[in-house]
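I have placed the structure first, in the form of C-alpha cells, so that the comments after it can refer back to it.
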Amino acid sequence: TPQRVILIVLALLFILPQLDTGDSMDMMMSSAQFGANVVYQAWANFELIASSHPSSVGDLSQTSLSSYQRREFEAQTLMYIYHHRDLDTSYLTKLSWVGYVRRTNYTQRGPDIFKEAYFRMVGNESVTPDGSQSFGIDTFLSHQSQTVKDHLMKSWDLDCSEGEVTMLGATLEPEFSCPRKALRSQESMWYMPVVENRDIFLDYFEGNFIFIFDLTSEVKWQAAMGIMQTVLVVIVLAIGALLFSRDVDQLVLLPIERMIDKVNRIRFDPLYAIRLGESENDKSKTAAAAAWERPKPNRKANGKRRSGSKGAQPAARATLETKMLENTIIKLGSLLALGFGEAGVGIIAENLDDDSAQVRAKIPGSKVEAIFGFCDIRHFNVATDVLREQTMVFVNRVAAIVHEVVDQHAGAPNKNLGQAFLLVWQLSHFDKELRTKVADLSVMGFIKVVTAVSRDRRLAGIVEHPLLQSRMPDFRVTMGFGLHLGWAIAGAIGSECKIDASYLSPHVNLAGQLEQATEFYRLSILMSEPLVRLCSPPFRRHFRAVDHVQLSGSRISTMLFTVDLHPRILNVEPVARRQMQNEKSSHERAQMKARLLSPDYEVHLQLWQDKHVRQMRSPYTRSFFQDYERGLLNYFAGEWDVAAPVLDQTRTMLRHCGISDDGPSQVLHDFMGTFNFKAPPDWRGWRNLDSKPT
C-alpha cells in the first residue's frame, strides 16, 4: 500500500504540469512580445517610406524621413536588447539571438529585410529632423561588448536556416552561433511580432523578425527546484509511509505475527500456553505498577484530589482488538492445557497441526512408562456434609497445594476426582540417568504435600468449622498417597460429545489400590516394590517395608513400603504464607524443578535438612525400625510364633510420642491372629491384600 501511494503521487507530479494552461490564457502580453511588436512596427514604418520613396533608402542624412525612421527602428531594437539583456543581469532569461526568418521560396516585392535590417546609423548623432535630442542610441550601445557591436553593425548574415525556412541573424552570445545547435528546445523561447494587417505583410514582405531568448539558467533552476520538490515529496511520502507502516506493523502485522508464533508454540508444546499466560500477566502487573509509580502532574480540578496524589487511579487504556484476540488465543491455549493436562498434549498438538477445522477427538493412544500417584482426602464425606458450599473452596485449596508441589517435583496433575487426584511422572520425558532422581522426587513430592496440607493456615481455618469439630473432634485434614511404577496407554477417553485425556492401565488401578490400602495400614504413603527399586539407595534405605501382598488385578506379588510420617506433630503455620496463597507461577515452578533435577541436588538429604520432615519422622527411632524389621522377616519366613510378640511390641512402642498404635504392626499381628499365630501349610511369604482380618 505505501508503494502504491508513492507511485500515485509521483504520477500526479508528472501529469498535473501537463494540464497547466500556463500563460496561454493570460490577456496581457509579455514585455518580450510587446517589444517585438514595437520593433516590427518601427521597421514597418521604414518599409512603407522605403517602398514609396525607393531612392531615400540609402540616404543617411539626419534630415531624411527614411533616415529618421531607420534610426527609430535601430533605437527600438537596441532598447529591446538593452531591456531584455543588459538592464538587470539577475534575470534567469536573456536575449541571445536576433534575426529574421522567412520561407525559402519567397518572392521579394519591396526592400529586402535581410539586407537592410541592421544598424547602419550606429555612431551618428541621434537627432530628429527638427533638431531635438532623440533616442540615445549610443547610451544603449555602450552596454554592449565590442563583439556584439560588430555583429549588430554589419549585415545579420549568420545563417541558421532549416528546411524550407531561411533564418539569418546575429548572435549576442559568443559561445554559440545558432540557437538550434546550442540549445535544446526547452532551453529557448522564440518571439515573433504579431502581424495585425496581413495584407500589408503579404504585399511588402513575408519575412519577419525573430528574437530568441536563452532559458538555460531558468531551465536549470526549474530543474533544480523540480528535483528538490520531488525529493521533498518523496521524503514526505517516505515519512508518511514509514509512519503508516509503523502503525500497521505495531497495530496489525506484529500482533498477527505474535499470534501465529504463539499458536505454533502452543501446537508444539500445548503446556507453553500456561507459561505464556502467566508471563503476559506478569508484564501487565509490571506495567501497571510502573504507571502507578510514575509521577503525575500536580493539577487541581474543582477542589478534587490531585491526579498525581496518593490514591489516585491511573487512567485506564483501551485494549486494542488485536491484543484482545492475542489474549484470547493465550486463554484458549491455557484452558486446553489445563483441561487436558500432560496426557492430552498429543491430542492438542495433533489437532492444531491439522489444517482442517474438524476436531479429531478419537486419536490412537500411546504407551508410556510412568510413575502413577493417587492421593485421597480422608473423611471427605463428613467434610462435604458439613461444609456444603464451602466444599469447593476446601477441595480447590487442597488441589492447589497438591498440584503445585507435584509440579515443582517434576510431576504433572492428570485427573481430579473430587476427593482424589491422579498425579503422573512420565519417565519418557527424562533421560535415563535422571529417572532415578524423578522416582526420588515423586516420593519427596508426596512428603512435601503432607507437610504443606498439615501446616496450611487456610485449610486449618476451614476445618475449624464448629459443626465439623463437634462431629469429629480435633479434626485435621489428612490424606493418603499411593505410588506405583508401570506402563499405561495415554490418550483420549470418551466420544465426540465429551473426551478426557488420561491413562488406562492395570498399573494405574494398582496405584489407586495402594492409596486405599493406606487407610487400612493407617499410613500416609504406600509405595510398590518396582518404584522403590528405581529410587536411589541412599533414599530408599529410609523406607520401611510394610508387607508383601498381591494386589487385586495383579498377577505377581509386590512388597509394600512406606515413609513413616507423623503429620499431627506439626503445628499450623501462624500466618498464611503469601507464596502459597498466591500460588507460584509456572516460571517459578520451572526454575525450582530445574534446580531439583540438577546434579547438585540430593533428594535424600531433604529428610534431614527440612525441619518439618525431620520433625514428622522424629518419633520413629532406630530401635523401632530394627524390631519391626525382625518381626517382619519372621512373618515372611512363616515363624509367626516368633514374629507375633515382636510385632505386638512395636505396635505400642510409639505411644509415648502421641501415636496410638503402629498401623502395619497392628495389621500383621491381627492377620496372624486369624490363624492362631501359626502359618498355614501353603504359606508362600505373601498374601492377597483383600485378606483382611475379620
Side-chain angles (χ1 to χ4, degrees), residues 443 446-447 450 478 480-483 514 517-529 531-533 535-550 557-570 604 606-608 610 612-680 683-689 691-693:
V443 179
F446 277 173
I447 295 174
V450 173
T478 56
F481 302 87
L483 277 169
L514 290 175
T518 57
E519 191 169 4
F520 174 51
Y521 286 101
R522 300 202 296 273
L523 296 171
S524 296
I525 301 174
L526 268 180
M527 300 169 287
S528 65
E529 185 177 354
L531 172 65
V532 174
R533 290 184 181 277
C535 292
S536 62
F539 191 42
R540 69 182 180 217
R541 71 184 183 87
H542 297 285
F543 301 166
R544 175 166 61 127
V546 173
D547 203 348
H548 192 182
V549 300
Q550 183 177 10
S557 62
T558 179
M559 290 283 293
L560 301 184
F561 295 84
T562 188
V563 178
D564 289 289
L565 302 171
H566 182 38
R568 285 186 172 273
I569 202 172
L570 295 177
H604 69 278
Q606 289 298 305
L607 295 175
W608 306 105
D610 190 308
H612 302 301
V613 176
R614 188 171 64 249
Q615 186 178 2
M616 286 191 295
R617 289 182 54 80
S618 60
Y620 300 93
T621 61
R622 178 177 296 182
S623 61
F624 168 78
F625 287 126
Q626 291 174 347
D627 290 345
Y628 180 83
E629 184 179 7
R630 181 162 54 89
L632 183 65
L633 292 176
N634 283 284
Y635 164 75
F636 290 156
E639 298 177 357
W640 289 6
D641 55 337
V642 179
V646 176
L647 293 176
D648 185 57
Q649 179 183 357
T650 57
R651 178 174 60 88
T652 60
M653 281 182 67
L654 304 176
R655 287 181 178 178
H656 68 283
C657 299
I659 301 175
S660 57
D661 284 329
D662 178 52
S665 300
Q666 180 72 51
V667 169
L668 295 181
H669 187 273
D670 292 346
F671 175 72
M672 290 185 293
T674 59
F675 294 93
N676 293 322
F677 302 103
K678 291 183 180 181
W683 175 249
R684 294 167 293 182
W686 55 268
R687 64 188 177 93
N688 293 326
L689 186 59
S691 301
K692 300 178 182 178

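When a residue number appears, it is its place in the shown sequence, counting from 1.
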I need the minimum non-hydrogen distance between [X] and [Y], along with the two atoms involved.
X: Gly480; Y: Thr518; answer: CA-OG1, 3.6 Å
X: His542; Y: Arg617; answer: O-NH2, 3.6 Å
X: Arg522; Y: Asp662; answer: NH2-O, 4.1 Å
X: His669; Y: Ala644; answer: CD2-O, 3.3 Å
X: Pro567; Y: Met616; answer: CA-SD, 3.8 Å
X: Pro619; Y: Leu654; answer: O-CD2, 3.4 Å

Please tell me if the side chains of [X] and [Y] come closer than 4.5 Å, counting only heavy atoms from C-beta onward.
X: Phe624; Y: Arg544; value: yes
X: Tyr635; Y: Val646; value: no
X: Met653; Y: Asp627; value: yes
X: Trp640; Y: Trp683; value: yes

Gap between atom [atom2] of [Y] and atom [atom1] of [X] - 0.5 Å precision:
X: Leu523; Y: Leu565; atom1: CG; atom2: CG; value: 9.5 Å
X: Arg651; Y: Ser660; atom1: CZ; atom2: OG; value: 10.0 Å
X: Met672; Y: Leu647; atom1: CE; atom2: CG; value: 4.5 Å
X: Ser536; Y: Arg541; atom1: OG; atom2: CZ; value: 10.0 Å
X: Ser665; Y: Asp648; atom1: OG; atom2: CG; value: 9.0 Å
X: Arg630; Y: Gln649; atom1: CZ; atom2: CD; value: 7.0 Å

Original post:
Is the side chain of Thr562 donor-acceptor paired with the backbone N or O of Ile525 at a distance under 3.5 Å, no angle test?
Top reply: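 Checking the backbone N and O of Ile525 against the side chain of Thr562, a donor-acceptor pair under 3.5 Å is found.
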Original post:
Counting distance only, does the side-chain N/O of Tyr628 pair as donor-acceptor with the main-chain N or O of Val546 below 3.5 Å?
Top reply: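 Checked: pair present.
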**OP:** Evaluate side-chain hydrogen bond (donor to acceptor under 3.5 Å, both in side chains) for Asp547 paired with Tyr521, printing each intermediate quantity in order.
**Re:** CA-CA 10 Å; Asp547 203 348; Tyr521 286 101; 2.7 Å; yes
**OP:** Before giving the answer on side-chain contact (heavy atoms from CB on, under 4.5 Å), spell out for Leu570 and Gln615 the whole-Å C-alpha distance, their side-chain angles and the decisive distance to 0.1 Å.
**Re:** CA-CA 7 Å; Leu570 295 177; Gln615 186 178 2; 3.4 Å; yes
**OP:** Could you pull out all residues at least two apart from Arg533 that satisfy side chain to side chain contact (heavy atoms under 4.5 Å, CB included)?
**Re:**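 Side chain to side chain contact (heavy atoms under 4.5 Å, CB included) check on Arg533 returns Glu529.
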Original post:
So, Phe543 versus Phe561, ring centres under 6.0 angstrom or not?
Top reply: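 No.
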Original post:
According to the interplanar angle, ranging from 0 to 90°, do the rings of Trp686 and His548 count as parallel (below 30°), tilted (30 to 60°) or perpendicular (above 60°)?
Top reply: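 Correct class here is tilted.
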**OP:** Inspect the surroundings of CD in Glu629 and state if more than 12 heavy atoms from other residues, nucleotides or ligands are less than 6.0 Å away.
**Re:**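 At most 12 heavy atoms, drawn from other residues, nucleotides or ligands, come within 6.0 Å of this atom.
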Subject >> Set of residues satisfying side-chain hydrogen bond (donor to acceptor under 3.5 Å, both in side chains) with respect to Asp661, sequence neighbours excluded >> reply: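 For Asp661 the side-chain hydrogen bond (donor to acceptor under 3.5 Å, both in side chains) partners, ignoring immediate neighbours, are Arg655.
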